[in-house]
Amino acid sequence: MTIPLSSPDITQAEIDAVTAVLRTPRLSMGPELASFEAALADYHSVPHAVCVSSGAAGLHLALLTLGIGEGDQVIVPSFAFIAVANAVLQVRATPVFAEIDPVTLNLSPAGVERAVTPRTRAILVVHTFGVPAEMDALQTIARRHNLVLIEDACEAIGAQFGDQPDLRRAGCFGHLAVLGFYPNKQLTTGEGGAVLAHDPAHAARLRSLRNQGRSQARSGIGDWLDHAEHGYNYRLSELACALGRVQLSRIAEMLALRQAAAERYDALLRDRPVSGLELPPLTLPRRIISWFVYVVRLPEHVDRDRVHAALARRGIATGRYFAPIHLQPAWRRHPSAVVATLPLTESISRRTLALPFFNRIAASQQEEVAGALRDAIRSVI
Ligand SMILES: Cc1ncc(COP(=O)(O)O)c(C=O)c1O
């Protein structure tokens, strides 16, 4: 593709930091891990950050750490990346798909309330596309029903929610929160993720589980083969942590570039509007958006796949963010999917298309995308 959907923003500083690690004997569990974790905790104003090998690994460990398991129900959105529901299956619990808010595209508090049953143990809320969910309302529901609240902030590093001046970063509201650092994300480590925790016992359990159940209390060379519980290899390498540490030091600059790119799309597409094409809101009350992707809603009855194909023929990549999880081949026969009644999720997801979006996207590339999108919509109407 001439214009990709996403592209990481790697400078000489990241290259230098990763190269410096390669000149040391310490390629895993070393000083870069400690400093990246400290910087992540500091950025989110939480006491603990535990790096893991992916966002999906983080979701798995968050559910395990909070004791979610067989017989439990976890409320999740279906308008989300598939790892969200898969993580619930991994711990043998049952996902209950709930409806979204049509503006923020996040779990709606009313949809969550409707999904609560006596078996509900947790709400797994995703800050979709970097737009924070209605966290105060969700916290209230969680407290009222005695549920744990897990944030999936994989798409939302740097987003904020709250009333001025008490805006807080996505990731500090839940009992645990998960970050993801895949290369399409605002901050990348190649592959990677982290879990943010308030409770030191949760942090200790996360550190043990990501490291094959090795007990933190008994550290040191002699204890490397002592395993206190069944765990996983979800460690993040020193190279990845060095990359993440430098990326995090540039996060304000990177989010500003993304904000500017979103504003440029907005201006370009509002300038000569296409009837029925809906743009994502640039601002939303009580929220600071961390732009992950730029997702438009095509006019009703326009075949999204034909628009996608028409743009691809012009070398422009687009993404179907998101095909609902409950309609995915992997899920649609699962009992949770069969009972899901999600008219908003289904109607919105038929229309959503992510446009090329990354820190260094040029204004000229965005003009080309906007022009091609207009042409493609007209050609398939
Ligand atoms: C909302 C959400 N949750 C979880 C994940 C899983 O992250 P990873 O791909 O790092 O496993 C992703 C993204 O890729 C995501 O967008």
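Start at 1 and go down the list; that is how both ligands and their atoms are numbered.
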* Asked: So do P77 and E99 actually touch side chain to side chain, heavy atoms under 4.5 Å?
  -> no
One pair per line, please: each N/O atom of ligand 1 matched with every protein N/O atom under 3.5 Å away, atom names first, then the distance to 0.1 Å.
unit_1: ligand 1; atom_1: 3 (N); unit_2: D152; atom_2: OD1; d: 3.4
unit_1: ligand 1; atom_1: 3 (N); unit_2: D152; atom_2: OD2; d: 2.6
unit_1: ligand 1; atom_1: 10 (O); unit_2: G55; atom_2: N; d: 2.8
unit_1: ligand 1; atom_1: 11 (O); unit_2: G55; atom_2: N; d: 3.4
unit_1: ligand 1; atom_1: 11 (O); unit_2: A56; atom_2: N; d: 2.8
unit_1: ligand 1; atom_1: 14 (O); unit_2: K185; atom_2: NZ; d: 2.7
unit_1: ligand 1; atom_1: 16 (O); unit_2: E155; atom_2: OE2; d: 2.6

Which donor-acceptor pairs under 3.5 Å do side chains of residues 152-160 form with protein atoms, sequence neighbours excluded?
unit_1: D152; atom_1: OD1; unit_2: C154; atom_2: N; d: 2.9
unit_1: E155; atom_1: OE1; unit_2: F129; atom_2: N; d: 2.6

* So with a 6.0 Å cut-off around CZ of R144, is the heavy-atom count from everything else above 12? -> yes
* In sequence, state the C-alpha distance, the side-chain angles, and the governing distance for H60 and Q90, and then conclude on side chain to side chain donor-acceptor pair (under 3.5 Å). => CA-CA 7 Å; H60 183 199; Q90 262 180 296; 3.2 Å; yes
Side-chain donor/acceptor pairs under 3.5 Å, residues 313-323, sequence neighbours excluded:
unit_1: R314; atom_1: NH1; unit_2: D375; atom_2: OD2; d: 2.8
unit_1: T318; atom_1: OG1; unit_2: H308; atom_2: ND1; d: 2.8

* To do: Give every residue pair that meets the ring-ring contact (aromatic ring centres under 6.0 Å, His included) criterion with at least one member in residues 10-52, sequence neighbours excluded.
  => F36-F181
